[in-house]
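What follows is one structure encoded as structure tokens, with my remarks underneath.
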Amino acid sequence: MDIIKLFEIQKNLDMKILREHNLENENLISRKILALLVELGELANETRCFKYWSLKSPAEKKVILEEYVDCLHFILSIGLEKGYSKLTIENTLSTATATDMFLEVFKEITIFQLDQTQDNYKGLWKRFIELGIALGFNHKEIEDSYLIKNKINHKRQEEGY
Ligand SMILES: O=c1ccn([C@H]2C[C@H](O)[C@@H](COP(=O)(O)O)O2)c(=O)[nH]1
């Protein structure tokens, strides 16, 4: 995944959103962190990984991937806001259950919220990528889906979302 390219693309969208909503001088970090937590909850909901009380299948892969890249948008946006956009992420695999991986990402978000260092931001990325791999997405699928959703987000702003 070309993270540097994704940061560039995210920057354009974020700048448009700031302009459209007159938020150029606002600190949006708390709202972005809350938005990420909410999107991660939506993602978990679509996977249904924790719903031991239900027999229903998870949403189709495309839907889960869409939720995943919504989270990715906010992770990139948080990095841009903090000036942490020059980073490399090493690929690691986890053998934990999907439920435990979600809890790990939630934990990393909270650790970052409380102490917004570049190391903690990197820790969040690492767990988020691990989660994506565990959900069955490869880097190309993630990038392609991100680009599609990014275009939709641009269009929404142009149409007064
Ligand atoms: O500063 C922002 C604010 C929102 N989004 C994107 C991330 C998600 O893809 C989408 C969330 O939109 P809702 O469908 O949840 O309204 O907007 C950004 O990329 N940057």
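Note that ligands are numbered from 1 as they come in the structure, with each ligand's atoms numbered from 1 the same way. Below, all heavy atoms of this structure are taken into account, side chains as well, without hydrogens, waters or symmetry copies.
Each of the following atoms of ligand 1 lies closer than 4.0 Å to a heavy atom of Glu39: 11 (C), 15 (O). The atoms of ligand 1 that sit less than 4.0 Å from any heavy atom of Gln10 are 18 (C), 19 (O), 20 (N). Proximity to Tyr161 (heavy-atom distance under 4.0 Å) selects the following atoms of ligand 1: 13 (P), 14 (O), 16 (O).
Here the protein heavy atom with the shortest distance to atom 1 (O) of ligand 1 is Asp14 OD1, 3.5 Å. Atom 17 (O) of ligand 1 has as its closest protein heavy atom Asn153 OD1, 3.6 Å.
A salt bridge does not link Glu143 with Lys140: every distance from a Lys NZ or Arg NE/NH1/NH2 to an Asp or Glu carboxylate oxygen is 4.0 Å or more. The pair Lys149-Glu66 does not count as a salt bridge, with every side-chain nitrogen at least 4.0 angstrom from each carboxylate oxygen.
At least one side-chain heavy atom of Asn150 sits less than 4.5 Å from a side-chain heavy atom of Gln10.
Between the side chains of His21 and Glu26, no donor N or O sits under 3.5 Å from an acceptor N or O.
Side-chain atoms of Tyr121 never come within 3.5 Å of backbone atoms of Lys82 as a donor-acceptor pair (strictly under, hydrogens ignored).
Residue contacts with ligand 1, taken as heavy atom pairs separated by less than 4.0 Å, involve Arg156 solely via side-chain atoms from C-beta onward.
Separation of the Tyr68 and Tyr146 ring centroids does not fall under the 6.0 Å cut-off.
The residue from Leu23, Ile17, Asp70 that puts a heavy atom closest to atom 9 (O) of ligand 1 is Asp70.
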